[in-house]
Amino acid sequence: MKITCIQMDIEFGDPSKNKQVVEAEVTKAIKEHPDVIVLPELWTTGYDLSRLDEIADENGLDSQQFLSELARKYKVNIVGGSIAKKSSDGITNTMYFFDRNGRCVGEYSKVHLFKLMDEHHYLQAGNTKGLFTVDGASCAGIICYDIRFPEWVRAHAVDGAEVIFVVAEWPLARVEHWRTILISRAIENQCYIVASNRAGSDPKNEFAGHSMVINPWGDVLVEASKEPTQITATIDLDKVAQVRKQIPIFADRRTDLY
C-alpha cells in the first residue's frame, strides 16, 4: 500500500482558499500513484475557533462532497484530515474516510479535546472509535491530542487496526513529544502509524510539520521537515502479522487485570 501525506500550511479561517490548496496538492500527489492520500487536521479553517459558528461546515456536507469528488476523480482513497463540522448538537472536529469510488466509509470525531488551545470552549467531543477499511486493510483514524492517550490507540489495535492514521496541528514547541509518542505508539501496538501534520503558522502558533510513516518495529520509513511538502511511503501489511507473531503481546495481555 502506497501512502502520501500532504503537509500543508493552512490559511487561517479561509475554507475556500484551503480547498483550492488541497485540490492542487491532491492533483500533484496523484502523479506518484498512491493508494491513500492523507490530509492534516482542521485543514478547512485552521484554529480559527472563535469564528467556527460562522465558518464551520454545516453537517460536513461541503467537505464531504469536495473530498468525495476528488477520491472518485482520481480513484484514490482519501483520509480526509479533519474539518469543523457544525450540527444541531454543536461543532465537532471530524475526520472522514473516502474509498476510491468516492464513498464515505467512515467518520470519526475527536474524542480528546485539547484545553491548551481552547478546544473545549468551542468544540464538542466525539464518543465513537475511528475504525474503517482501506482496500481490505483494517485501519483507524485519530486526531492530534488523541495520541497522548495510549489506551485509546490500543483500543483500536485490539479491534484489529493494522494502520493507524493520525492527523494533526501539532506545534513546533513540542515536536520531540510528537516524534517520541508516534514511534512509541507504533512499537507498542505493532502497527503502522501514518501521521500527517500541518506546516506553517497561525496568529498564535508555529506548527511542527514532521509528518511521518513508521513501521511496526518503530522504524521511521519517511519523515518531513517543518516546511510544506508531501511525503510518500510504501507499507507492507504482512509486516504487521509478522511482528505480532514474533512478539505476541496481544495474546499475552492480562485482560483479567486490565
Side-chain angles (χ1 to χ4, degrees), residues 6 8-27 36-74 76-115 117-132 134 139-146 165-170 196-198 200 202-205 207:
I6 293 175
M8 58 181 278
D9 197 355
I10 296 171
E11 192 71 25
F12 194 65
D14 192 341
S16 178
K17 174 65 174 177
N18 290 319
K19 284 171 64 178
Q20 293 176 24
V21 173
V22 165
E23 185 166 11
E25 290 290 332
V26 170
T27 301
V36 186
I37 292 175
V38 191
L39 301 177
E41 179 185 16
L42 291 177
W43 63 265
T44 54
T45 61
Y47 265 88
D48 192 358
L49 300 182
S50 65
R51 292 202 306 132
L52 287 186
D53 274 336
E54 175 188 346
I55 61 177
D57 190 349
E58 195 74 35
N59 293 313
L61 295 178
D62 183 69
S63 300
Q64 289 183 67
Q65 181 179 356
F66 173 71
L67 294 172
S68 174
E69 289 175 355
L70 286 175
R72 184 168 59 252
K73 177 180 180 180
Y74 292 115
V76 66
N77 300 288
I78 294 180
V79 177
S82 73
I83 59 102
K85 173 188 175 183
K86 184 177 181 179
S87 70
S88 58
D89 296 326
I91 300 172
T92 54
N93 184 343
T94 298
M95 183 191 304
Y96 295 107
F97 318 106
F98 293 89
D99 69 12
R100 297 176 186 270
N101 296 312
R103 293 177 300 209
C104 185
V105 295
E107 176 178 342
Y108 168 71
S109 292
K110 190 174 185 178
V111 164
H112 302 96
L113 300 182
F114 190 46
K115 293 180 180 179
M117 292 179 74
D118 292 332
E119 289 185 355
H120 60 302
H121 292 310
Y122 301 98
L123 297 169
Q124 301 293 318
N127 56 18
T128 60
K129 291 179 182 175
L131 296 163
F132 65 105
V134 171
C139 302
I142 59 176
I143 302 174
C144 204
Y145 187 44
D146 284 332
F165 292 93
V166 180
V167 304
E169 290 205 31
W170 196 279
S196 183
N197 194 30
R198 74 162 286 185
D202 68 17
K204 294 183 178 180
N205 306 281
F207 295 95

Heavy-atom pair with the smallest gap, counting every atom of C144 and E169: SG-N, 3.7 Å
Distance (rounded to the nearest 0.5 Å) between L42 CG and F12 CZ: 11.0 Å
Please list, chain by chain and in numerical order, all residues satisfying ring-ring contact (aromatic ring centres under 6.0 Å, His included) with Y74, sequence neighbours excluded. none
Are any non-hydrogen side-chain atoms of Y122 and S50 less than 4.5 angstrom apart? yes
Sorted by chain and number, sequence neighbours left out, salt bridge (Lys or Arg N to Asp or Glu O under 4.0 Å) with D48 holds for R51
Beyond-backbone contact of V22 with I6, side-chain heavy atoms, under 4.5 angstrom: no
If every non-hydrogen atom of L49 is compared with every non-hydrogen atom of M117, which pair is closest and at what distance? CD1-O, 3.3 Å
Which value, rounded to the nearest 0.5 Å, describes the distance between S63 atom OG and E58 atom CD? 11.5 Å
Could you tell me if the side chain of S109 sits less than 4.5 Å from the side chain of T94, heavy atoms only? yes
Could you pull out the closest heavy-atom pair between T128 and V111, with the gap in Å? O-CG2, 4.0 Å
Check N18, I10, I55 against T45 for a side-chain contact (heavy atoms from CB on, under 4.5 Å) and give me the one that passes. I55
Which pair of heavy atoms, one from H112 and one from Y145, lies closest together, and at what distance? O-CD2, 3.5 Å
Closest heavy-atom pair and its distance - I143, N93: CD1-O, 3.5 Å
Quick one: pull up OG in S68 and CG in L61 and give me the separation to the nearest 0.5 Å. 12.0 Å
Working to the nearest 0.5 Å, report the span between CG of L70 and NZ of K19. 9.5 Å
N/O donor-acceptor pairs under 3.5 Å from side chains in residues 95-106, not counting sequence neighbours:
unit_1, atom_1, unit_2, atom_2, d
Y96, OH, Q64, NE2, 3.4
D99, OD1, N101, N, 2.9
D99, OD1, G102, N, 3.1
D99, OD1, R103, N, 2.9
D99, OD2, R103, NE, 2.8
D99, OD2, R103, NH2, 2.9
R100, NE, D135, OD1, 3.3
R100, NE, D135, OD2, 3.3
R100, NH1, K75, O, 3.0
R100, NH2, D35, OD1, 2.7
R100, NH2, D135, OD2, 2.8

Would you confirm whether T44, through its side chain, and P15, through its main-chain N or O, come within 3.5 Å as a donor-acceptor pair? no
For a quick check under 3.5 Å, do Y108 and D146 share a side-chain donor-acceptor pair by atom type? yes
Measuring from L123:CG to T92:OG1, what's the distance to the nearest 0.5 Å? 7.5 Å
Do D9 and F207 come close enough that some side-chain heavy atom pair is under 4.5 Å? no
Looking at every heavy atom in both W43 and L39, which two are closest together, and how far apart are they? NE1-CD1, 3.8 Å
Starting at CG of D62, measure out to NZ of K85 and round the result to the nearest 0.5 Å. 14.0 Å
Between the side chains of D57 and K86, is the shortest nitrogen-to-carboxylate-oxygen separation below 4.0 Å, so that they form an ion pair? no
